[in-house]
Amino acid sequence: MAKVQETVLEIDLQALSQNYTFLRSKISQNTQFMAVVKAFGYGSGAIEVAKHLESLDVDYFAVAYSSEGVALRDAGIKTPIMVLHPLPIHFEEIIERCLEPSLYNVKTLKAFIDASEKKGQKEYPIHLKFNTGLNRLGFWENDANLIAEKLEETSAVKVVSLLSHLAASEDPKEMDFSSRQITTFKKVTEEFHQKMGYRPMLHMCNTSGILNYPEAHFDMVRSGIGLYGFGNDVKFQNKLKPVASLKTIISQLHKIEPGESVGYNRAYTAIGHETVATLPIGHADGISRIYGNGNGAVFVHGKKAPIVGNVCMDMVMVNVSDIDCKEGDEVVIFDSKHTAEALAENAGTISYELITSISQRIKRVFLP
Ligand SMILES: *Cc1c(COP(=O)(O)O)cnc(C)c1O
């Protein structure tokens, strides 16, 4: 592998294939796989990730917003794309770019039917999302009559799937709650079937749902974090491989005398004779200030170097007093061994937030 000479996010496409294969091995042959590539493919690069997964015959993609789907279409992605959180202002664009909205209340359903009729559509594919306990987006259980009324008045749209989302699929303490969500979902979808006389695809599992609730795989599953290598559980750590590695270099070394301070607000004071390395990455790149003052650490030649003082916008300083290193040496912020999950958890957050925060100014390098 070429020597790193600037900050890069390396994306291991082989690891992506492996994670996909592992997750697929957890579902039945008849269950479809929707790959969630929202938020720039969890920071990894939505287009490259989607192209790779399309070559592996993934069934569906999901993005959060319309613009993310447009970017995939512009890049030539042909696989169906569901938009998880479509906003009425984008409904025309959604139709023009063959994106499929996940509609979540009567207002969005009506507005989308109007947009479809205006554009002369017949049976345009839509998805309906039900709230079964997350209380974020979704129709209520007793909206079934209103939905049926709206759908019976039009042939411009066709419901291809019904979905819901688990609130705590990774948490074994919330198994009863998750089971109740599953039961509620079965009930509302059965009611839809009764009223409408047909059964769209059903899906409710995210990555942890796939791993923990095999009884809820239904016709499709939606996986994001698992594809990128995190299973939210030590049990799956050796089955999944983090695809993204964030690496940088040492820009400068400083020898600090006891009592001297480092960085803004003089937040760190050297105890002894110390060596501090400055790295070209900061909070504007997604290394939030929460990682400052020893809450986060990086690795230089495999040795841990804690972040000292406050994280700056474009730089961070780390303590390398006990590490034999020089300017230009490679630094690992996270990789498949020193994981983003561990770094995030030590600072009180989650892998999802850290990996999706890595700024777009950091170069992505895709390893075949
Ligand atoms: C983001 C998202 C997912 C993917 O969840 P992971 O935990 O990353 O697998 C699935 N479904 C919905 C509705 C989402 O918003």
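Hydrogens, waters and symmetry mates are skipped; everything else that's a heavy atom, side chains included, is used. Read the numbers this way: they start at 1 and go in the same order the structure lists the ligands and their atoms.
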Pair H283 + Y291: ring centers closer than 6.0 Å: no
Quick one: are the ring centres of H165 and Y104 less than 6.0 Å apart? no
Quick one: side chain to side chain donor-acceptor pair (under 3.5 Å) pairs with a partner in residues 107-117, sequence neighbours left out? N105-T108, E117-T154
When you look for protein heavy atoms under 4.0 Å from ligand 1, which residues do they belong to? V36, K38, Y42, L84, K129, R136, H165, N206, T207, R222, S223, G224, I225, Y352
Would you please indicate if the ring centroids of Y124 and F112 are separated by under 6.0 Å? yes
Parallel, tilted or perpendicular: which describes the rings of F130 and F139, with under 30° parallel and over 60° perpendicular? tilted
When the ring planes of Y198 and F192 are compared, do they come out parallel, tilted or perpendicular, using 30° and 60° as the limits? perpendicular
